Structures are given as structure tokens and as C-alpha cells.
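Here's the structure, in C-alpha cells; my notes come after.
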Amino acid sequence: MSTGRKANLKNILDSLVDDDGLKTEVTITLTDGTLIKTSMYLVGTVIVGSLAFFAIRGIFNNAG
């Protein structure tokens, strides 16, 4: 099973690099579902980061 993964990774790297060097034309296609999931992860990350910031600030403000 690991040989399939290595071959897949090798194919990906081979498609990005040719004899002249690194190819700059790489196309990334996002479906609607992937875009929504990515957006939700980013929003969630901001919310969790904000909550952590305010919690840590509150702990240190009360300690001093």
C-alpha cells in the first residue's frame, strides 16, 4: 500500500518539475463543497483564536 502512495507522490512531483525546472502553471480547482469547508475552517480558527486571546488576557489581568 505504501508503494502506491510513493508512486502517487512521485507522479505529482514529476508533473510539477520538468527538464527546464519548476513549472509555474499549476491549476488548483476548488469545488463549492471544498470552498465552503475551507471558509468554515478559517472562520472557526479566528473564533477559537479570539476566545483563547481573551481568556489568556483575562487570566493575566486578574492575576496582576
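Heavy atoms only: backbone and side chains are in, while hydrogens, waters and symmetry mates are out. The structure presented is a predicted model; accordingly, all values stated were derived computationally and were not measured.
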Donor-acceptor pair, side chain of Thr34 and main chain of Leu30, under 3.5 angstrom
no

Shared hydrophobic cluster for Val43 and Leu51 (ILVMFWY, side-chain gaps under 4.5 Å):
yes

Taking atom CE of Met40 and atom CG of Leu42, what is their separation to the nearest 0.5 Å?
10.5 Å

Could I get the full list of side chain to side chain donor-acceptor pair (under 3.5 Å) partners for Thr29, not counting sequence neighbours?
none

